[in-house]
Amino acid sequence: MHSALPKSAVALGEQPVTRPAPLLSVRAIRKRFGQTIVLRDISLEIAEGEFLTILGESGSGKTTLLRLVAGFEQADSGEIWMGGERLDILPPYARRVNTVFQQYALFPHLSVFDNVAYGLRVQKIEKAEVASRVEQALAMVKMTAFVHSKPANISGGQQQRVALARALVNRPRLLLLDEPLSALDANLRRQMQIELKSLQRQVGIAFVFVTHDQHEAMAMSDRIALLRGGELEQVATPRELYFRPATAYVAQFVGQSNLLRCSVHNGIARCQSLQWSCDLPDGNHTLSLRPENVRLAEPGTAPDNVRFHAAVRDQAFQGATDLLQVECAGGPTLLVRVPAKGPLYGELEFEFSVRDAVPAPDSEES
Amino acid sequence: MNAAHTRGPRWLRLYAAAVFAFLYFPILVLAVYSFNGEGVGGFPPHNLTCRWYAMLLDDSAIWSSVGNSLLVAFFAVVLALAFGIPAALALDRTSFPGKALFRRLVLLPLILPGIITGLSLLMLFVAFRMNLSLVTIALGHGTALISVATTEVFAGLQKLDRAQEEASLDLGANYWQTFWRVTVPNLKLPIIGAVLLIFTLSIDEIAVSFFLIGRNNTLPLEIWSRLRRGITPEINAISTLIFLFSLTMILVWYRLGTRGEREPRLAEELVPGAVQEG
Amino acid sequence: MFSRAYKSAITLPPLFWVATFLLTPYALLFCYSFWSVSPAQIIVRQWNLENYRELLRVSMYPAVLLRSMRIAASVTALALLLGYPLAYYLSVHAGTRKHLLYQLVVIPLWVSYLVRAYAWKTILGSDGVLNTLLQYFHITHHPLGFLLYSPFAVVLTLTHIYTPFVFLPIYASLEHIPRRLVEASQDLGAPPLETFWRVILPLSIPGVLAGATFAFVLSLGDFLAPLLLGGPSGVMISNVVVSLFGAAYNWPLGSAISFCMLLLVVALLFLTERLEKRWSFS
């Protein structure tokens, strides 16, 4: 097998960014419901104008974290600060934070107009201003035609827009969105992702977006905070998360990944029948290798690539690409993504660059 | 709405406590004075005694009225189920002209003052030249309480998965077999709930019975006739016993269903539009 | 999926019952209200409007009806005043004790109507519990006469009886308000009281309507509490009907009054159903 000695940190957006003072700062938050620990020691910062997504499976604590920021739950310990003020001691109605709820939570007894005007009227803002701001907000989400409708008489996507307008009209410093797109069908959902993102750029308000859908998170966010079992697994840009997953869990949760469990001895990594030279310290390592980073071997490629023979066990057509399941004699079995060019049979030669197999340690089970 | 973050403002807690006191004060008075030595009234109660309970035990008129009430309640339950269950089925799975009127008529006695149900039935029995007796009372109770059976069972049907019955028919059972083997077992809880409710309501019923009474008194009518003669602790004693009986019935009722399921039903029963067309 | 025979089997028996024991009796009530009684106390089946004219001519009838409606309205208002805050407290603030407290409200509902009316009689009488209690603590020296045999006693008793009935639908409608709407209101800046007025109260209107209709209709038609506790000043419309069907033996006139009551109730039910539709958004 071939060997290579790439430095692990390459040009993949790891340059440290100097951030302004954070808008929201979550400090060492713990929360339990009865015997269940929902959040343990969460610390997180959100910058002005940032689009941050909290990504996690159901039960990971992502909605609880959002509700703590909104003020619907109280943390057992820890603090939340916003712009130099302690936030977690304020009741929800005194926080300059607004929420777009999962099922929108539009008031069924109020018209679209009255729903959007709600926050302004509660603040005793004068009538003329209420009217003009509501109109603006509705125009922004293209719902002007439905001012007088009741929520029950408009579609899910339209309710979504109204919920957004209702929150944004108050000019919050931070907008929380709790899986707002999960109730929409796939096409509408993709469209709303794009609209939501451009809307966020337009208003310049920081968004905290909760979702369990990694594609959605990748498509929209400046940064993603991946939660797992009440702990932050990794907070990073989508690209970092994808190409430099901090843990095996991240590698598997975000996109598809081959996890190579190998042992390194004197600069040689072995994973079942595969081996190559590397600069990892001696011991056992888990490396993440994306299926698209494995290719059909071509003559004359870089000498430090790992080349191996494997039998095609399965081929799934996925449009532009085929996803192969290939088995090396003596293991391992790998997922390989290749351009779709027609059926592949038998034993073929594949290769991958050692640089693409990045360490992704198994985190201890919680 | 479940947001139990706070125990609420102090005044609201005190207010709620006061309402509870108002609800329970008369019942407490009733029970305490059933042990009072010298008649009802007078504060504080004195010479506590079980004499009135002993007297009650020997009171054959009371006990025969209790027997009458039980008999009436039994037939009221049978009638209300025999016609209330089909009515619920019909509301759930058929459509016919006049169905809306039918639904309103079935449910009307639930909210109509008993005097109207009682009087109009009296006229019917007179027109049919039927002698007033326990039979007419049972018919009256049955008519008034069909609505209870219908609302309970209809609610059960709404939750029933229609596919179960389809599966039964698909597996070769006919409608009659499907009804007994699939539909009824699935409605067991609402039916038992309806039985207990109808039974309790019938035992307590007086406004309808008032007009349909023949020679034999039901328990409430027996108490009524004595109340007109003046009040005695013996009535407190029987009232306390009725209270304990009602309490037992309701405890049995709660035992049967999970809490979450039972409570809204009872409440929705009182909502006029509770049963919408299925 | 159901055959014709099946549908007939479930439809015809209840239809028969409804026709015989509900529709026919109401029709008879209607017919009687146009007949009359001869001096020899025989029902004369000749159609005329005499009974209805009588109801308008003799001022006693509208006066008693008006009093009944006043009493029923008082009962409804008081029961709402007691029942709504109780329901709100249980639904929002009672926490884990909610189920226990709920059952505590329901239990008095099953205590015999008569028994409860009787209990109030023993409390309010001139040598009843309340008067002797007041004298025992030297708050008064003579028994207070207005407590029993007055509209006050009737209103108090009926309020006691119908408060749980009013509580139940209000509680149910409060429980049906999704928690997220309350949170949304707070999120948009409304403090608790404002949230109550703008969100909780409007969304609990169907429950209020149902409870109020129940309390109003049933107290309007009550005749036992007035007989037992009302005295001459507490006579209600149903007492008039009872006496017309009893000693006075004028079924046709009694029927005319009953039929008016039936119409009133049905009209009220239609009205509430409409209002309820307007206020329900599920």
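Only this structure's heavy atoms are used, side chains among them; waters, hydrogens and symmetry mates stay out. Computed from a prediction, not measured in an experiment: that's the story for all the values here. Letters A, B, ... are given to chains in the order of the sequence lines, protein chains preceding strands, and every chain is numbered from 1.
- At a 4.5 Å heavy-atom cutoff, the contact between C/L81 and chain B is made by backbone and side-chain atoms alike.
- Contacts between C/I123 and chain B at a heavy-atom distance below 4.5 Å involve the side chain alone, from C-beta outward.
- With a 4.5 Å cut-off on non-hydrogen atoms, B/R13 touches chain C through its backbone and its side chain both.
- In this structure, no portion of C/L130 lies under 4.5 Å from any heavy atom of chain B.
- Formation of a donor-acceptor pair under 3.5 Å by the B/S147 side chain with backbone atoms of B/A144 is found in this model.
- Of the listed residues (B/P26, B/P86, B/P113), the greatest number of heavy-atom pairs within a distance under 4.5 Å of chain C belongs to B/P26.
- Residue B/L108 touches chain C through its side chain alone, counting heavy-atom pairs closer than 4.5 Å.
- C/L101 touches chain B through backbone and side chain together, each having a heavy atom under 4.5 Å away.
- In this structure, B/R103 and B/L91 approach most closely via the heavy-atom pair CB-CD2, 3.7 Å.
- Comparing C/L23, C/L12, C/L227, C/V115 by how many heavy-atom pairs each has under 4.5 Å with chain B, the most go to C/V115.
- Using a 4.5 Å cut-off between heavy atoms, B/F22 touches chain C through backbone and side chain atoms alike.
- Although no hydrogens or angles enter the test, the distance criterion places no donor-acceptor pair under 3.5 Å between the side chain of B/D92 and the main chain of B/F154.
- For the side chain to side chain donor-acceptor pair (under 3.5 Å) condition, the pairs that include at least one residue of residues 23-33 of chain C, sequence neighbours left out, are C/S33-C/Y52.
- Most heavy-atom pairs under 4.5 Å with chain C, from the set B/L227, B/T200, B/T117: that is B/L227.
- A salt bridge does not link B/D204 to C/R116: none of the charged side-chain nitrogens sits closer than 4.0 Å to a carboxylate oxygen.
- Nearest heavy-atom pair, B/I235 versus B/I223, reported as atom, atom and distance to 0.1 Å: CG2-CG2, 3.9 Å.
- Proximity to chain B (any heavy atom under 4.5 Å) is shown, for C/L264, by neither the backbone nor the side chain.
- Side-chain contact between C/K98 and C/Q103: absent, with no pair of heavy atoms (C-beta onward) separated by less than 4.5 Å.
- Each of B/L79, B/L30, B/L12, B/L201 has some count of heavy-atom pairs under 4.5 Å with chain C, and the biggest count is that of B/L12.
- Proximity to chain B (any heavy atom under 4.5 Å) is restricted, for C/F245, to the side chain, taken from C-beta onward.
- When heavy atoms are compared at a cutoff of 4.5 Å, B/I238 does not approach chain C at all.
- Looking at C/F270, the atoms closer than 4.5 Å to chain B (heavy atoms on both sides) all sit in the side chain, from C-beta outward.
- Contact annotation for B/L89: both backbone and side-chain heavy atoms come within less than 4.5 Å of a heavy atom of chain C.
- By number of non-hydrogen pairs under 4.5 angstrom with chain C, the leading residue of B/I206, B/T240, B/I85, B/L101 is B/I206.
- Heavy-atom distances place both the backbone and the side chain of B/A87 under 4.5 Å from chain C.
- Partner C/Y171 forms a ring pair (Phe, Tyr, Trp, His ring centres under 6.0 Å) with one of C/Y102, C/Y89, C/F165 and no other, that one being C/Y102.
- Residue contact with chain C, scored on non-hydrogen atoms closer than 4.5 Å, is absent for B/V32.
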Step-by-step salt bridge (Lys or Arg N to Asp or Glu O under 4.0 Å) determination, B/E222 to B/R226: CA-CA 6 Å; B/E222 179 67 30; B/R226 288 172 189 230; 3.0 Å; yes
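- Interface remark: of the candidates B/T178, B/V106, B/L112, B/L112 forms the most heavy-atom pairs closer than 4.5 Å to chain C.
- Within the 4.5 angstrom heavy-atom criterion, atoms from both the backbone and the side chain of B/W224 approach chain C.
- Of the listed residues (C/L29, C/T20, C/L82), the greatest number of heavy-atom pairs within a distance under 4.5 Å of chain B belongs to C/L82.
- Smallest separation of non-hydrogen atoms from C/A210 and C/P169: CB-CB, 3.9 Å.
- In terms of heavy-atom pairs under 4.5 angstrom with chain C, the leader among B/A16, B/A17, B/A18 is B/A16.
- Looking at every heavy atom in both residues, C/L114 comes nearest to B/P220 through CD2-O, 3.1 Å.
- Here the side chains of C/Y118 and B/N236 are in contact, with some heavy-atom distance below 4.5 Å.
- Salt bridge present: C/R179 and C/E183 bring a charged side-chain N and a carboxylate O closer than 4.0 Å.
- When atom types are taken as modelled, the side chain of C/S91 and the backbone of C/A87 share no donor-acceptor pair closer than 3.5 angstrom.
- Proximity to chain B involves both the backbone and the side chain of C/V217, based on heavy atoms less than 4.5 angstrom apart.
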